[in-house]
Amino acid sequence: MTRSLQKIGNSKGLILTRDMLQHLGVTDEVEIAFEAGRIVLTAPVASAPRRRETFEEAADAVFEQYDETLRRLVRDAGD
């Protein structure tokens, strides 16, 4: 996805859409990191509970989908 930078005084800014903010699980603040020529935005620690919920939802879906397979793996590992 390509986005245009908007002039803000002597700086430039990037507008994040509502969907982008919801995807990140943030409202007014983001953590910014610079990695290998990239700018990485993540939810600040204060937003961690939402990230945990998202992870737990994904984990629950995996456990539900692969319940029998996981049980067999555990059973076989005990032999």
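Values below: all heavy atoms of this structure, side chains included; hydrogens, waters and symmetry mates excluded.
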Using a 3.5 Å cut-off and no angle test, enumerate the donor-acceptor pairs between side-chain atoms of residues 7-21 and protein atoms at least two apart in sequence or in another chain.
residue : atom : partner : partner atom : Å
Lys7    : NZ   : Gly9    : O            : 2.7
Thr17   : OG1  : Met20   : N            : 3.2

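- In this structure Arg71 satisfies the side chain to side chain donor-acceptor pair (under 3.5 Å) test together with Asp67, sequence neighbours excluded.
- Between Leu41 and Ile32, the closest side-chain pair of non-hydrogen atoms falls below 4.5 Å.
- Applying the salt bridge (Lys or Arg N to Asp or Glu O under 4.0 Å) test to Asp28 and every residue at least two apart in sequence or in another chain returns nothing.
- Scanning for side-chain contact (heavy atoms from CB on, under 4.5 Å) contacts around Glu35 gives Ala33, Val40, with sequence neighbours left out.
- Shown here are the salt bridge (Lys or Arg N to Asp or Glu O under 4.0 Å) partners of Glu68, two or more places apart in sequence or in another chain: Arg72.
- Here Val62 is tied into one hydrophobic group with Phe63, Tyr66, Leu70, Leu73, each link being a pair of ILVMFWY side chains closer than 4.5 Å.
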